[in-house]
Amino acid sequence: MLNNIIQQICEKYISEVLDFFGGMELRKIDEIEKELKAKTNKYLLEMIKVYLEGIDEAIAQDKANRTKKGYVIERKGDKREIYTVFGNLEFKRRYYKNKLYGNYEYLLDKAVGIENYDRISPTVSAALVEHASEVSYQKSSNYVCNGDISRQTVKNKIREIQGLKIEVPKEKLKAKYIHVEADEDHVSLQDGTNTIVPLISIHEGVVRNGKRGKCTNIHHISSYGKSNEELWQQATEWIYECYDVDSIEKIYLHGDGAAWIKKGLEYLPKSHFVLDEYHLNQALKEISYGDKTLCTKLTDSVYKADKEYFKQMCREIRSRAQNESAKEKIDRLRRYILANWDGVVIYQDYNSKGSNTEGHVSHVLSCRLSGRPMGWSKSGLRSMAELRAYHCNGGTVEVKHIKKSQYSYRLTKKALERATKSFKKVSKEKFNNITILNFGKVNQLSRLLRNVRNSGYIF
């Protein structure tokens, strides 16, 4: 009986393909792609349905094995739907009770890796998450499954992702200088408040190609809700795992001087703080109130590490301030730069150049987290920050990253043979009896299909 069902499905598919090409009209390439994709997906869904229900039947017939584990049939014919890469799959299976523990299970689901209450397959889940790292949940659904999956489902799948880890090089890298850049993105939460998401970027320096620059062997670390200690521990471990630390002469820690950033000096070996030039230049412009001449003098004093001249210039600018508010602003910015003066003096070390903190924050975080009006939940923000860092490190979301239950049901070899023998029988015996391939006009397509038939393959 099952042999006949499988043969009928195969014959129907081949017949539909031949009829499609055999009509008295010219088929355009876009029509060919669209129609054959739809027919092939329908065929594959029918074959998967037969296969799964065959496995379910084999489990039921393997009474000695399942009763040994305590499973008895509670009922049969329960419907299940799951969205696959071929479309929506529908099939039926049996429901079992475990007499030993009192729990209930669909053993077919456990055997083939379908999670309880999941509406989409692991492969579709991985694709949805991969695209959602760059576009909205809805656009990810539109791209992967024509919008058939809700935004909430995509969101839930992102929260289930685990094990996003970039493999370290097989051989440790050697570098004299390592640059560690730390900054944060300002993100809106769903409750209307704002929060920050930290980003740590590790690389060996910038290689210039004209006006464009590229960081060598860059690696990003980001999350939300983790302590500063956890983040810096993670960054330090990456350096020790990837690099021959003995070959490193200096690690330059670039940042705006925030306490959480300077915390990294306690973890990173051979580290020296470098005040990020973007934040420094921004402060100098504000002190000089847009006066280019004054700003140039301030900049010269800083890049020459002339502290006294810098103080003198600040005093002169302050004396010209029109109100107390302006004076307080100058004092605040002056204190900021002087508090990070060690990070300014190190500019004399040519090798300290190469900071691009704002660019990294924009590329890794802002483009997805804060570039558009949106509010994040705390758990969603953590998942997306980690996903963005993983994606920008060159990682790809795979099925192995989708959270799975630990328990699965294993079939005996005998039960598996019982479930698959019908497919083998059809491919080796019944396919030669497909009459539609034995008659009619011979063309390139019919030759191809006959070769498949004679080779014993189901497609």
Side-chain angles (χ1 to χ4, degrees), residues 9 12-13 16-17 20 28-56 77-93 95 106 108-162 164 190 368-369 372-377 379-381 383-384 387-388 390-391 395-405 459:
I9 293 172
K12 181 183 176 183
Y13 172 67
E16 288 180 351
V17 172
F20 175 76
K28 303 292 186 180
I29 187 64
D30 58 332
E31 181 187 9
I32 293 172
E33 291 176 324
K34 181 180 179 180
E35 290 296 322
L36 291 189
K37 184 176 185 296
K39 294 179 186 300
T40 302
N41 285 347
K42 182 181 178 182
Y43 161 72
L44 292 173
L45 287 171
E46 290 176 346
M47 292 296 284
I48 295 171
K49 177 180 183 295
V50 172
Y51 176 77
L52 292 180
E53 292 182 352
I55 295 290
D56 185 64
D78 281 10
K79 293 182 180 180
R80 179 67 194 263
E81 292 186 24
I82 187 166
Y83 197 94
T84 71
V85 293
F86 309 114
N88 195 52
L89 172 66
E90 298 181 12
F91 59 95
K92 295 179 180 179
R93 76 276 200 244
Y95 194 47
Y106 289 104
L108 172 65
D109 294 5
K110 295 298 181 182
V112 299
I114 299 176
E115 297 293 319
N116 294 337
Y117 310 111
D118 258 3
R119 293 183 55 235
I120 53 180
S121 72
T123 303
V124 174
S125 297
L128 287 169
V129 172
E130 177 71 14
H131 285 88
S133 69
E134 296 192 84
V135 299
S136 69
Y137 301 148
Q138 185 60 59
K139 288 183 178 179
S140 176
S141 175
N142 293 343
Y143 184 84
V144 175
C145 46
N146 299 317
D148 292 336
I149 302 302
S150 69
R151 291 177 295 176
Q152 184 63 43
T153 300
V154 180
K155 178 181 178 180
N156 293 340
K157 286 300 172 186
I158 290 176
R159 296 182 183 184
E160 293 176 6
I161 292 297
Q162 58 185 7
L164 296 180
Q190 290 177 344
R368 185 66 179 89
L369 300 181
R372 289 157 284 183
M374 62 182 76
W376 294 88
S377 66
S379 58
L381 186 56
S383 298
M384 184 56 72
L387 179 60
R388 283 296 304 165
Y390 178 75
H391 179 80
T396 301
V397 179
E398 302 175 27
V399 172
K400 66 181 181 180
H401 298 125
I402 305 299
K403 188 176 181 180
K404 300 176 183 177
S405 62
F459 62 100

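Counting from 1, the numbers follow the sequence of the chain as shown.
In this structure Arg159 satisfies the side chain to side chain contact (heavy atoms under 4.5 Å, CB included) test together with Lys155, Ser377, Ser379, Ser383, sequence neighbours excluded. Under the ring pair (Phe, Tyr, Trp, His ring centres under 6.0 Å) criterion, His391 pairs with no residue, sequence neighbours left out. Among residues two or more places apart in sequence or in another chain, the side-chain hydrogen bond (donor to acceptor under 3.5 Å, both in side chains) test is passed with Glu90 by none. Take Gln190 and apply the side-chain hydrogen bond (donor to acceptor under 3.5 Å, both in side chains) test, not counting sequence neighbours, and it matches no residue. Under the salt bridge (charged side-chain N to carboxylate O under 4.0 Å, His left out) criterion, Glu31 pairs with Arg27, not counting sequence neighbours. Annotation: side chain to side chain contact (heavy atoms under 4.5 Å, CB included) contacts of Gln138 (sequence neighbours excluded): Ser136, Ser141, Asn142, Arg151. For Ser150, the side-chain hydrogen bond (donor to acceptor under 3.5 Å, both in side chains) criterion is met by Thr153, not counting sequence neighbours. For Ser133, there are no side-chain hydrogen bond (donor to acceptor under 3.5 Å, both in side chains) partners at least two apart in sequence or on another chain. Tyr143 meets the side chain to side chain contact (heavy atoms under 4.5 Å, CB included) test with His131; sequence neighbours excluded.
Counting only residues at least two apart or on different chains, the side chain to side chain donor-acceptor pair (under 3.5 Å) pairs with a member in residues 77-86 are Arg75-Asp78, Asp78-Tyr106, Arg80-Asp109, Glu81-Asn88, Tyr83-Asp148. The salt bridge (Lys or Arg N to Asp or Glu O under 4.0 Å) pairs that include a residue from residues 112-122 are Asp118-Lys157, where partners are two or more places apart or lie in different chains.
No side-chain heavy atom of Tyr137 sits under 4.5 Å from any side-chain heavy atom of Leu128. Proximity of Lys12 to Glu46: side-chain heavy atoms (C-beta onward) are separated by under 4.5 Å at one or more points. Counting heavy atoms from C-beta outward, Arg368 and Met374 have side chains that approach closer than 4.5 Å. Here the side chains of Ile161 and Lys403 are not in contact, with every heavy-atom distance at 4.5 Å or above. Counting heavy atoms from C-beta on, the side chains of Lys37 and Asn41 come closer than 4.5 Å. Residues Ile114 and Arg93 fail the side-chain proximity criterion, which asks for heavy atoms closer than 4.5 Å.
Residues Ala127 and Ser140 come closest through the heavy atom pair O-OG, 4.5 Å. Of all the heavy atoms in Ala132 and Val154, the pair that sits closest is CB-CG1, 3.9 Å. Heavy-atom minimum distance, Pro122 versus Gly113: CG-O, 4.3 Å.
Taking CD of Glu130 as the reference point, atom NE2 of His401 lies at 10.0 Å (rounded to 0.5 Å). Atom CD1 of Ile120 sits about 3.5 Å away from atom OG of Ser125, to the nearest 0.5 Å. Interatomic distance, Phe20 CZ to Lys39 NZ, rounded to the nearest 0.5 Å: 7.0 Å.
Between the side chains of Thr396 and Tyr390, no donor-acceptor pair is found at a separation under 3.5 Å.
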Stepwise side-chain contact (heavy atoms from CB on, under 4.5 Å) test for Met384 and Leu381
CA-CA 5 Å; Met384 184 56 72; Leu381 186 56; 5.6 Å; no
Check step by step if side-chain hydrogen bond (donor to acceptor under 3.5 Å, both in side chains) holds for Asn156 and Gln152.
CA-CA 6 Å; Asn156 293 340; Gln152 184 63 43; 3.0 Å; yes
Show, in sequence, the C-alpha distance, side-chain angles and deciding distance for Ile149 and Val144, and conclude whether the side-chain contact (heavy atoms from CB on, under 4.5 Å) test is met.
CA-CA 9 Å; Ile149 302 302; Val144 175; over 6 Å; no
Would you sort out whether Glu35 and Asp30 count as a side-chain contact (heavy atoms from CB on, under 4.5 Å), showing the intermediate values?
CA-CA 9 Å; Glu35 290 296 322; Asp30 58 332; over 6 Å; no
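Within a 6.0 Å sphere centred on NZ of Lys139, heavy atoms belonging to other residues, nucleotides or ligands number 12 at most.
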Return all side-chain donor-acceptor pairs below 3.5 angstrom for residues 47-56, not counting sequence neighbours, or 'none' if the list is empty.
unit_1: Lys49; atom_1: NZ; unit_2: Glu53; atom_2: OE1; d: 3.3
unit_1: Lys49; atom_1: NZ; unit_2: Glu53; atom_2: OE2; d: 3.2
unit_1: Glu53; atom_1: OE2; unit_2: Lys92; atom_2: N; d: 3.0
unit_1: Asp56; atom_1: OD1; unit_2: Arg94; atom_2: N; d: 3.1
unit_1: Asp56; atom_1: OD2; unit_2: Arg94; atom_2: N; d: 3.3
unit_1: Asp56; atom_1: OD2; unit_2: Arg94; atom_2: NH1; d: 2.7

